[in-house]
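Data block below; observations after.
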There are 2 protein chains.
Amino acid sequence: MASRRPTMVEQVRNGIRELISDGTYTVGDQLPNEQQMGERFGVSRATVREAYRGLIESGYLARRQGSGTFVARIPQQHALDLNLSYTEMIRAAGFKPSIVVLDTSVRQADDSDLAHLAMTPGEDVVVVERLRLADDRPVVYSIDRLPASLVPPDARGDGFGRSLFGLLEQVSHGARNGRARIKPVLASGAPARHLQVAKGTPLLFFEETDFDGAGRPVLASSEWHTSDVFDMWINRKATLHSRSL
Amino acid sequence: MASRRPTMVEQVRNGIRELISDGTYTVGDQLPNEQQMGERFGVSRATVREAYRGLIESGYLARRQGSGTFVARIPQQHALDLNLSYTEMIRAAGFKPSIVVLDTSVRQADDSDLAHLAMTPGEDVVVVERLRLADDRPVVYSIDRLPASLVPPDARGDGFGRSLFGLLEQVSHGARNGRARIKPVLASGAPARHLQVAKGTPLLFFEETDFDGAGRPVLASSEWHTSDVFDMWINRKATLHSRSL
DNA sequence: GAGTGGTCTAGACCACCGT
DNA sequence: CGGTGGTCTAGACCACTCC
């Protein structure tokens, strides 16, 4: 796993991040235009443009045609659409994140697994039940499933006995994008018990599938979220939907 | 308001959409590579790349490095992050959308308006209370506020008496992106009554601000959503958050 | 009108994927 | 290995915003 030489775009992107974090530019400021920034880093305008694009997509910058590129007014670190990692979200919201593994097991894939994880009948799935905490307050109770075939062969001894959790961490770091169905529900049973809320408390329920870079499903999760510790955000944008499609 | 000449990128984008909607390529198919598609439309590779990029961002296509560009497996028309228009979402989910205006009024901006809509004390806001239906079943009850200053001068006669709703339509079509805080709540009061659900039914509550192309807030909404008529989706993606920012 | 981002070209080389 | 997308350059002109 030799570390790759960073691309020009990455170098420029990191350079810009540094210019912001060291206070050279701050929230609301206009950045140098694409040409000037290119000269500063010794790259072409197209390269700066690509670097800016990435920072815009992750919410750091905002572009306004005809006027300039600006440091975004609102830090959007814990928007659901820009982050797959609850650990990061909790940290970005200003809390200390932690995770408790409640249970781990291995079983045969059921119909839901076959559908969500593109598995074939008879394959095994690994199931992990976890609780996430923000400053020791429970905020997410989740049941995660992943194909056992994603386990490296050398870790498959005695029924995955050792660290299913480490495995899951490894898999979830490989996840690049996901698709969540969201739904409001009333707390009851295990979610209510683990999140330490009264039955009937409103919770957010997510049914999510995460995919790796190649578009393969690697993780299916059912998650129950409390809403009182920190806010959940979604960035929305209009896309031009053609009538013909 | 002369209609602009479509750019090459737009032409290519529409051409590709047509190739998909007429069945030349279907879900899961690999598209011609960037070079070939460029030859087909008589444009450079960079132009095709930009067209592909837009279609990927709106969920129609998926790119896999080293293998190709494909028609996305899953139509994502009614994902919350890719669509600002509930009318479109309802339609995409296969229902007939309609809207009932329950009430319209004008009042002075309160503190919440000042904060969300970047207004100055003493300005007026227009308030519209609406109910959206999917095949005549109520699905969203909302209270929308917008700065009265967005009303064209010639429509400002007698306290905006005529069609506040048409005005809101006009403004909301100008909205390009938004930011929603989501929260699960229990139905009660006006939302329960208008959505025709029992008190205590779990609802999704959105507190949303929408912005125009220049980043100006144009619309602040409080929305209560039922979850039983159609599903709400969020597309999520991992973004590389630097530790320094 | 000056300055900005938006589009576009032609060509090059690299990194990754599958066979 | 061949084919794909990913990166990068140098230069040009257009469209928009704001003074």
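Quick note on labels: first sequence line is chain A, next is B, and so on, each numbered from 1.
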- What is the distance from OH of B:Tyr52 to P of C:dC8, rounded to the nearest Å? 16 Å

- Message: Measuring to OP1 and OP2 of D:dG6, would you say a side-chain N or O of A:Thr7 lies under 4.0 angstrom away?
- Response: no

- Task: Answer with base, sugar-phosphate or nothing: what part of the nucleic acid does B:Ser44 contact at a heavy-atom distance below 4.0 Å?
- Result: base

- Find which nucleotide of DNA chain D each of B:Gln36 and A:Val48 is nearest to by heavy atoms, and output the residue with the more 5' nucleotide. B:Gln36

- Task: May I ask you to verify if any side-chain N or O of B:Arg64 is less than 4.0 angstrom from the OP1 or OP2 atom of C:dC16?
- Result: no

- Note on the structure: A:Gln11 atom CD is separated from D:dG6 atom P, nearest whole Å, by 19 Å

- Query: Nearest-Å distance, CD1 (A:Ile56) to C1' (C:dT4)?
  - Reply: 13 Å

- Query: Closer than 4.0 Å, any side-chain N/O of B:Asn33 to the OP1 or OP2 of D:dG3?
  - Reply: no

- Query: From A:Ser67 OG over to A:Gln30 CD, what is the distance, rounded to the nearest 0.5 angstrom?
  - Reply: 7.0 Å

- Query: With sequence neighbours left out, what residues match B:Ala175 under side-chain contact (heavy atoms from CB on, under 4.5 Å)?
  - Reply: B:Leu84, B:Asp210, B:Val218

- Item | Side chains of A:Asn83 and A:Ser85, donor plus acceptor under 3.5 Å | no

- Query: For C:dT9, does OP1 or OP2 lie under 4.0 Å from any side-chain N or O of B:Thr47?
  - Reply: yes

- A:Arg236 side chain to B:Leu80 backbone, donor-acceptor under 3.5 Å: yes

- Query: How far does CE of B:Met37 sit from OG1 of B:Thr47, to the nearest 0.5 angstrom?
  - Reply: 13.0 Å

- Which nucleotide in the set D:dG6, C:dT7, C:dG6 lies at the smallest distance from any side-chain heavy atom of B:Glu34? D:dG6

- Please state whether the phosphate of D:dG5, meaning OP1 or OP2, lies under 4.0 angstrom from any side-chain nitrogen or oxygen of B:Arg49. no

- Message: Per the salt bridge (Lys or Arg N to Asp or Glu O under 4.0 Å) rule, what does the pair list look like for residues 29-47 of chain A, sequence neighbours excluded?
- Response: A:Glu34-A:Arg45, A:Glu34-A:Arg49, A:Glu34-A:Arg63

Between the protein and nucleotides 12-14 of chain D, list the N/O to N/O atom pairs that are separated by less than 3.5 angstrom.
unit_1 : atom_1 : unit_2  : atom_2 : d
D:dA12 : N6     : A:Arg45 : NH1    : 3.2

- Message: Measuring from the side chain of B:Gln65 (C-beta onward, heavy atoms only), which nucleotide among C:dG5, C:dA15, D:dC8 has the closest atom?
- Response: C:dA15

- Length of the line joining A:Leu31:CG and C:dG3:C1', which is rounded to integer Å: 16 Å

- Query: Under 3.5 Å, is there a donor-acceptor pair linking the side chains of A:Glu123 and A:Thr120?
  - Reply: yes

